[in-house]
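See below for the structure under consideration.
One-based numbering along the sequence shown.
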Amino acid sequence: MEYTYFYIYLISVWVVLLVCSQFKPVEIWHGVIGAVTVAYSLAYEIIFGNWMGLYYYLDPDHTALYMVLAGVMMYPVLNVIYVLFLPKDKSRLLLYTGIWILAMILFEYVIIWQGIIVLTGWKPIPWSLATYAFTYLWINLLYRRLIRTMAVGEV
């Protein structure tokens, strides 16, 4: 059943992105965020999951396949959705990002409970919490840089 859940989540994030794109258009910089996130996600999964062996997806013998699928098709889409609705106000940005971090931690616990990710050394608190905080920080910084660059026509 965990394989079914994995694919349901994969399809669901794409459906959510399609729905969200009806309210907020996906622009070129959203694609850049997605592309950079692919590289980041794959490096992260390979280092912590595969190389250090702190967790695996679904089956230890085929974990690399599911790490690639998640790193290419799930996490970048979630990050694009995150960026689509970024508030400009700093206090709202902090609250928005905090809600996303909390949602990602809760999602992680659900997929651990469902057996999609099996922990063999990783601990969501504090490691995933720190990871999400770092991830959303660099995504925010990159997004702001892209917006400023596009606004002044440097691209």
Looking at Leu18, is its backbone amide N or carbonyl O close enough to the side chain of Ser21 to form a donor-acceptor pair, meaning the two atoms are under 3.5 Å apart?
yes
In Ile28, Val32, Val83, the residue satisfying side chain to side chain contact (heavy atoms under 4.5 Å, CB included) with Leu146 is Val32
Taking the side chain as everything from C-beta on, heavy atoms only, tell me whether Leu93 gets closer than 4.5 Å to Lys88.
no
Nonpolar side-chain network containing Ile46, other nodes, edges under 4.5 Å:
none
For Trp138, side chain to side chain contact (heavy atoms under 4.5 Å, CB included) partners two or more places apart
Val36, Thr37, Tyr40, Phe134, Thr135, Leu142
For Tyr3, the ring-ring contact (aromatic ring centres under 6.0 Å, His included) test, sequence neighbours excluded, returns Tyr66
Scan for side-chain hydrogen bond (donor to acceptor under 3.5 Å, both in side chains) pairs involving residues 11-20, sequence neighbours excluded, and state none if there are none.
none
Pairs involving residues 92-119, ordered by first then second residue, that meet side-chain hydrogen bond (donor to acceptor under 3.5 Å, both in side chains) (sequence neighbours left out):
Tyr9-Gln114, Tyr82-Thr97, Tyr96-Trp100, Glu108-Ser128, Glu108-Tyr132
Cluster partners of Val118, using ILVMFWY side-chain heavy atoms under 4.5 angstrom, listed by chain and number?
Tyr56
Heavy-atom count around Tyr5 OH within 6.0 Å, excluding the residue itself: above 12?
no
Test item: Thr120 side-chain N/O and Gly53 main-chain N/O as donor-acceptor pair under 3.5 Å
yes
Correct closest heavy-atom pair for Pro124 and Ile105 would be O-CD1, 4.1 Å
Is there a donor-acceptor contact under 3.5 Å from the side chain of His30 to the main chain of Glu27?
yes
Pairwise side-chain contact, Met67 with Tyr55, heavy-atom cut-off 4.5 Å (strictly under):
yes
Is Leu141 atom CG crowded by more than 12 heavy atoms from other residues, nucleotides or ligands, each under 6.0 Å away?
yes
Less than 4.5 Å apart, side chain to side chain, heavy atoms only: is that true for Leu69 and Phe6?
yes
Minimal non-hydrogen separation, Cys20 against Ile81, with atom names
SG-CG2, 4.2 Å
Worked check of side chain to side chain donor-acceptor pair (under 3.5 Å) between Tyr57 and Glu2
CA-CA 10 Å; Tyr57 282 67; Glu2 56 272 0; over 6 Å; no
Common cluster, Ile8/Val13, ILVMFWY with side-chain heavy-atom separation under 4.5 Å:
no
At what distance, to the nearest 0.5 angstrom, does CG of Leu119 lie from CH2 of Trp127?
14.0 Å
